[in-house]
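Indexing begins at 1, ligand by ligand and atom by atom, following the structure's order. Any value given below was found using the heavy atoms of this structure, including those in side chains, with hydrogens, waters and symmetry copies removed.
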Amino acid sequence: DTDFPTDDSAAGADTAASRQAGQIPREVARRRTFGIISHPDAGKTTLTEKLLLFSGAIQLAGTVKGRKSGRHATSDWMDIEKQRGISVASSVMQFEFRDHVVNLLDTPGHQDFSEDTYRVLTAVDSALMVIDAAKGVEEQTIKLLDVCRMRATPIVTFMNKMDRETRDPLELLDEVESVLKIECAPVTWPIGMGKNFRGVYHLLKDEIMLFKAGEEKADGAFEIVKGIDNPKLAAMFPLEIEQLKMEVELVHGASHVFDLERFLAGVQTPVFFGSAINNFGVREILSALVDWAPAPRERDATVRDVKPEEPKFSGFVFKIQANMDPAHRDRIAFLRVCSGRFEKGMKVKHLRLGRDVKLSSVVTFMASSREQVEEAYAGDIIGLPNHGNMQIGDSFSEGEMLTFTGIPYFAPDLFRTVRIRNPLKVKQLHKGLQQLGEEGAVQVFKPVLGSDLILGAVGVLQFEVVASRLLNEYGVDAVFESSSISSARWVSSDDKKALGDFENQLGHQVAYDAAGNMAFLATSGVNLRLTQERWPKLTFHATREHA
Ligand code: G4P
């Protein structure tokens, strides 16, 4: 439990603080916190495994098979984890690489796709975009990149599956630039593809890394040939070398040169080609993240910007996960450390509740076990067990009133009306939905006219989670039915009269969310567009920041 009062040990803390003075900036500088953005099946899981493998966090011969058969794989991971005493967490994976501490945050995809996927991206400092080179830019990648753009998050791009027949590499870059509106700076360039994939040419180092099918190297140490004009290359690949030289010339002329400032500003992405399943090109992206991606940066906390090197602890909750472990009925709040040093057992202030809490049983997550954390710095993620007293966006500090901003709510894409079988439970239903709405499990809209509640989500799993939690935690057997709503927009205006008129005239489509914000529920894209045109004094927002 995080919730009991503590004694005051401020005297000891001062000495500790001065002792730690140089340590905090050192620890901050060596941290990299990132997430992977990709469309399902692009290779996120494969790449994650290779990153862990490669980082030395685990050592496996060959590929980890049977991931998708579920439980087996998880327990395999658990065994590995126990053997090596390292963390292979599903939500947050922390590992060391070249004296850096890398935090890889999972961005749930497939059927797990939910608002959490978006929110995780508010807790990272950079992102790795994985694209299936046979398919190019896909829908979920577009959405996730939009979220990264809100905070100008630097993006590293990995064009995966070069061991297959892919699309033309230049065409892929064009597509990223035009669809995702981000400049591409190729760093490696593929030589062939599919059966004829020979490797990649490193444009900055002028060297070629040779690919051999089926030859996975756990340490990523593939054979290197220096210099594109090396006669050895011409001898090895008489057919491909001329083509490569031509392409490289084209690329040098037609594409952007890597520029660290532009990358850090989120306007340019360095692009790498490779094959995750063969661990080919993985070391290069990990190096790029360590060498180029930013260490934790300062964060807007409304009253001021908080620097990661500051001695005092602060952080915010970006995700709440319920019942990760069926043996524990609690929920876990994921907190990103923004400054200072977290120490196990320390006392911090829960700023929304104005209450001191002692962080004694703080955890990180390893697949399905929990490991105690002793200390953490900016960029690290810690898990706080709680019993419903924490919400997404909650800020914590050593006393100063800080409110970290930038935890967005996204206009849902999926809608359900909710009905209950037992009308006597209507109070519990409202209470349950209010709490689940505040927690961010689902979005709840109450139309001004009519008694139906409308639930909104970005992934279907959210509805299932809510249904089961309503039943288990609130004793409410709810029925979710399809809704005529197709999209939602939050509405604001300086013109109070216009807002009032809007509500009066469109009461069946105007609703309030769990936090009391006005929203418009549109029945179609046309309906939304026409309404926007008819009400020029109102602004329609696709996102809203957590207040
Ligand atoms: P995801 O997490 O992004 O959804 O993708 P995941 O890693 O599960 O990969 C999706 C499929 O693509 C998997 O095949 C995986 O083996 C394959 N894959 C990933 N990287 C590469 C690559 O570099 N080259 C090739 N040729 N394939 C790659 P699957 O058949 O769906 O699953 P599995 O039976 O292999 O687990």
Side-chain angles (χ1 to χ4, degrees), residues 34-54 58 60 62-77 88-93 104-114 116-118 120-121 127-145 155-167 169 172 188-200 209-218 220 222 271-286 367 459-461:
F34 75 100
I36 297 180
I37 57 177
S38 63
H39 191 80
D41 282 340
K44 183 185 69 150
T45 314
T46 308
L47 190 65
T48 302
E49 288 173 3
K50 301 301 177 189
L51 286 170
L52 293 178
L53 195 85
F54 190 70
I58 49 162
L60 290 178
T63 325
V64 178
K65 296 273 185 211
R67 271 174 287 116
K68 284 182 179 156
S69 52
R71 304 222 163 269
H72 255 310
T74 315
S75 59
D76 290 349
W77 282 107
V88 182
S90 57
S91 294
V92 180
M93 285 153 272
L104 170 53
L105 274 55
D106 187 37
T107 45
H110 292 269
Q111 62 272 42
D112 294 342
F113 185 72
S114 75
D116 277 346
T117 312
Y118 291 152
V120 163
L121 294 174
L128 174 58
M129 175 162 74
V130 181
I131 290 177
D132 182 335
K135 296 193 178 144
V137 176
E138 295 175 89
E139 179 206 335
Q140 216 170 91
T141 312
I142 300 175
K143 284 188 186 175
L144 294 169
L145 197 88
I155 312 279
V156 173
T157 300
F158 186 63
M159 296 288 183
N160 190 26
K161 307 196 188 181
M162 291 309 297
D163 59 306
R164 285 196 184 163
E165 289 304 312
T166 67
R167 289 175 44 194
L172 286 169
T188 65
W189 195 255
I191 309 168
M193 64 171 78
K195 284 195 195 69
N196 298 317
F197 183 47
R198 305 290 180 224
V200 292
M209 188 164 81
L210 300 176
F211 175 75
K212 290 211 181 69
E215 184 181 276
E216 183 184 334
K217 304 270 182 140
F222 290 84
V271 180
F272 296 80
F273 290 82
S275 168
I277 206 158
N278 292 289
N279 198 14
F280 187 83
V282 176
R283 182 178 59 174
E284 284 60 37
I285 40 179
L286 196 49
V460 273
L461 179 82

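- In this structure, CD on E138 lies 12.0 Å from CG on L144, to the nearest 0.5 angstrom.
- Close approach of ligand 1 to R164 is summarised as follows: ligand atoms under 4.0 Å from at least one heavy atom of the residue are 25 (C), 26 (N), 27 (N).
- The closest non-hydrogen atom to atom 19 (C) of ligand 1, taken over V282, T46, N279, comes from T46.
- Heavy atoms of K44 found under 4.0 angstrom from ligand 1 belong to the backbone as well as the side chain.
- Heavy atoms of P40 found under 4.0 angstrom from ligand 1 belong exclusively to the backbone.
- M93 CE to L51 CG: the interatomic distance, rounded to the nearest 0.5 Å, is 9.0 Å.
- Of all the listed residues (H39, K161, M159), K161 holds the heavy atom that lies closest to atom 18 (N) of ligand 1.
- Checked by distance only, ligand 1 and A276 come closer than 3.5 Å through their nitrogen or oxygen atoms.
- Which parts of ligand 1 touch D41 is read off a 4.0 Å heavy-atom cut-off, strictly below it: atoms 1 (P), 3 (O), 4 (O), 5 (O), 10 (C), 12 (O).
- D41 CG to N160 CG: the interatomic distance, rounded to the nearest 0.5 Å, is 11.0 Å.
- In the vicinity of S275, heavy-atom distances shorter than 4.0 Å reach the ligand 1 atoms 22 (C), 23 (O), 24 (N).
- Residues satisfying the side chain to side chain contact (heavy atoms under 4.5 Å, CB included) criterion with K161, sequence neighbours excluded, are D132, D163, R164.
- With a heavy-atom cut-off of 4.0 Å, L47 does not touch ligand 1 at all.
- By the side chain to side chain contact (heavy atoms under 4.5 Å, CB included) test, T166 pairs with A133, M162, M193, sequence neighbours left out.
- The only member of V156, L128, T157 that meets side chain to side chain contact (heavy atoms under 4.5 Å, CB included) when paired with F272 is V156.
- One distance of note links CZ of F273 with CD1 of I285; it measures 12.5 Å at 0.5 Å rounding.
- Of the N or O atoms in G274, none lie within a sub-3.5 Å distance of an N or O in ligand 1.
- At a 4.0 Å heavy-atom cut-off, ligand 1 touches D163 through the side chain alone.
- The aromatic rings of F197 and F211 lie tilted to each other, with the angle between the two planes from 30° to 60°.
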